[in-house]
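Notes follow once the structure below has been shown.
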Amino acid sequence: MTTVGIDAVEIHTGKLRLDLAETFAPEMGDAPEKYTKGLGLHASSFPDTYEDIVTMGANAAHRLMKRKGLEPDDIGRIDVATESAFDHSKPVSTYIAGCLEQVFESDFHHANKGERKFACVAGTQSIDDAYNWIKAGRNRGRAALVIATDTALYARDDPGEATQGAGAVAMLIDEDPNLVELSTEQGYGSADETDFLKPQQQFPSVDGKRSVNVYLARMREALIDYERVGGKIHADDFRLGPFHTPFPGMVRKAAVLAYRHITRDTEIEEELAEEIGRQPRSEAFDSDEAYLEALSEYTDALKETERYQAWYGRTIDPTLTLSRHVGNWYTGSVHVARVSGLKALAEAGEDAVGERLLVGSYGSGAQAEIHVETVQEDWREEIEAIDIDERLESRYELTFEEYEDVHDAHNFDEESAVEEFTVPEAEFAFDGWGRMGERKYRYVE
Ligand code: CAA
């Protein structure tokens, strides 16, 4: 039977860097530890003035196609996932295809293009669409290009400003994939929520604290729904758990709840019982309040156990490394987490072939998806080809005043004359406005 999954990945980071502890925290009157320890973030990536969701997506896709030796005729589908779109009708994938056609001799007229919207989960939904398209045999031997691209900016002085970021992840979905195989089993947790939304506005309206609880509630539902089809999850079944990472502290909160859930009624719960007791069961309590309090005490104790910390250090922590240095990339975030985790395994020289990943995607509004991926034979070569470390290293370091200018430059409601901070080279760049109000792009040699 044909295997289908992610064959290769390229990552483009916004070319500017804001140091959260050193530069941002003092201006906000915050302790640096709120960022480095509480949120788990050191820096955010920002787009230079000539970068946007199209240039970042096109640059990632271009590098991916070049590295894999692909021509437009090899691609039958281009789907862009974003929550930063600037056009209500013309999809970002058409702009990106237009960019790519500047550098390839042939065109993408044969390719089905679209744009997926469901906050940050849309990148995973686009992968699912590509998987279904290939599995249904409609791809005529062609692969799908899925691009998750976002400028995750919040209004100035919104609490979300601490978690901003910008970048794109391009992924090739194909038969006989080199990186990970996808599976048919998925679990969902989906509900009409108003925790984070952008009704006809560029920057989100966010109920930050509530958004954290909605993330946890939907993830829990998705985990339970996954178990209905995939069977009971055991804590040691998975080598990595890449989760949507708006900030690493969010995943830290989710991970302990997930661990509590998957260890209930297992030998791990029994082993831990001597140290912290068994997990509270609702039937043993007179009120929900008493039960929830006991559950919260158990969870706090669980977090401190060596057994949990070893699991967290092995399964979750490696997936957060890149996120700590780039911030939230919305649709790209869980895909950055996957690369981050696999990169750590490659650096440690692990033979991860056949290992499984438990992938938790999430979008506000709100929907979580849990699915499983299996690491493929040629994974290491694919991961080692990604030059994200060099790209992060070469970002331009912003002062706080420059950060304010950059934020204005990307604010649709501000007139800004700020100059670019870096010089575009071998990449796509914004090139002004067309006669119908469209954004135009050119490839800079
Ligand atoms: N030392 C150590 N830790 C410190 C500290 C210090 N000096 N000062 C604060 N902290 C800790 C806090 O205790 C807190 O950690 P806990 O939650 O574990 O207690 C953490 O740092 C953050 O501090 P605050 O809660 O005070 O921060 P805040 O109120 O300014 O805002 C936020 C936090 C609500 C997450 C805000 O950044 C926000 O609104 N972010 C955008 C929304 C978001 O990302 N939500 C996540 C779920 S929704 C989602 O996932 C979709 C998406 O991508 C947006």
Side-chain angles (χ1 to χ4, degrees), residues 18 20-22 24-42 44-45 81-84 117-125 148-167 169 189-191 193-198 201-220 222 242-258 296 299-300 303-304 312 319-320 323-324 326-337 359-370:
L18 177 68
L20 293 168
E22 300 282 323
F24 188 71
E27 296 286 340
M28 295 293 118
D30 289 329
E33 293 77 19
K34 169 176 168 180
Y35 298 84
T36 52
K37 296 211 167 84
L39 296 168
L41 287 170
H42 294 267
S44 299
S45 283
T82 185
E83 48 186 303
S84 320
K117 179 174 71 181
F118 197 145
C120 311
V121 77
T124 297
Q125 289 181 316
T149 180
D150 270 299
T151 46
L153 300 188
Y154 291 76
R156 295 298 313 282
D157 296 325
D158 184 288
E161 202 182 357
T163 64
Q164 299 176 117
V169 182
S190 188
E193 299 277 6
T194 46
D195 51 335
F196 174 112
L197 51 154
K198 298 180 179 178
Q201 63 198 51
Q202 184 187 4
F203 301 127
S205 296
V206 195
D207 183 342
K209 301 288 177 203
R210 197 174 128 61
S211 75
V212 168
N213 289 330
V214 175
Y215 177 116
L216 297 174
R218 302 287 81 81
M219 261 323 171
R220 180 172 184 276
F243 271 53
H244 170 59
T245 313
F247 53 94
M250 180 71 244
V251 177
R252 198 175 54 221
K253 285 183 207 292
V256 68
L257 298 187
S296 160
T299 310
D300 285 344
K303 225 179 337 196
E304 301 306 321
Y312 182 87
T319 70
L320 304 176
S323 168
R324 289 186 209 290
V326 301
N328 193 358
W329 287 10
Y330 288 163
T331 53
S333 156
V334 64
H335 309 294
V336 168
V359 180
S361 305
Y362 175 75
S364 296
Q367 180 162 303
E369 178 191 320
I370 297 280

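For ligands, and for the atoms within them, numbers begin at 1 and follow the listed sequence.
- Side-chain contact between M28 and K34 is absent, with no heavy-atom pair separated by less than 4.5 Å.
- Ligand 1 has a nitrogen or oxygen under 3.5 angstrom from a nitrogen or oxygen of H244.
- Near S364, meaning under 4.0 Å from one of its heavy atoms, ligand 1 places the atoms 48 (S), 49 (C), 51 (C).
- Close approach to K253 involves these atoms of ligand 1, each under 4.0 Å from a residue heavy atom: 16 (P), 17 (O), 18 (O).
- In this structure, atom 14 (C) of ligand 1 has no protein heavy-atom contact shorter than 4.0 Å.
- Shortest contact from atom 22 (C) of ligand 1 to any protein heavy atom: L39 CD2, 3.8 Å.
- Look at C120 and you'll find a heavy atom under 4.0 Å from some atom of ligand 1.
- For atom 47 (C) of ligand 1, the protein comes within 4.0 Å by at least one heavy atom.
- For atom 29 (O) of ligand 1, the closest non-hydrogen atom on the protein side is K209 NZ, 3.0 Å.
- Comparing A162, A152, G38 against atom 20 (C) of ligand 1, the shortest heavy-atom distance belongs to G38.
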Distance-only criterion, 3.5 Å: show the donor-acceptor pairs between side-chain atoms of residues 246-255 and protein atoms not counting sequence neighbours.
unit_1: R252; atom_1: NH1; unit_2: K37; atom_2: O; d: 3.1
unit_1: R252; atom_1: NH2; unit_2: G38; atom_2: O; d: 2.9

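- Under a 4.0 Å heavy-atom criterion, Y35 is not in contact with ligand 1.
- Across Y154 and Q164, no two heavy atoms sit closer than the pair N-OE1, 3.0 Å.
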task = Decide yes or no on side-chain contact (heavy atoms from CB on, under 4.5 Å) for I370 and F243, but give the supporting numbers first.
result = CA-CA 9 Å; I370 297 280; F243 271 53; 4.3 Å; yes

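- With a 4.0 Å heavy-atom cut-off, ligand 1 is reached by no atom of D195.
- In this comparison of K34, E83, K37, the heavy atom closest to atom 30 (O) of ligand 1 sits on K34.
- Remark: minimum distance from atom 1 (N) of ligand 1 to any protein heavy atom is reached at E33 CB, 3.3 Å.
- Taking a cut-off of under 4.0 Å to the non-hydrogen atoms of Y154, the atoms of ligand 1 that pass are 41 (C), 54 (C).
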inquiry  = If you apply the rule side-chain contact (heavy atoms from CB on, under 4.5 Å), what do you find for Y312 with K303, and how did you get there?
reply    = CA-CA 9 Å; Y312 182 87; K303 225 179 337 196; over 6 Å; no

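- Of the listed residues (G208, P159, A368, G363), the one carrying the non-hydrogen atom nearest atom 37 (O) of ligand 1 is P159.
- Residue contact check: A31 has heavy atoms under 4.0 Å from atoms 7 (N) of ligand 1.
- Ligand-side atoms of ligand 1 in range of Y215: 50 (O), range being under 4.0 angstrom from any heavy atom.
- Residues V336 and V169 meet the side-chain proximity criterion, which asks for heavy atoms closer than 4.5 Å.
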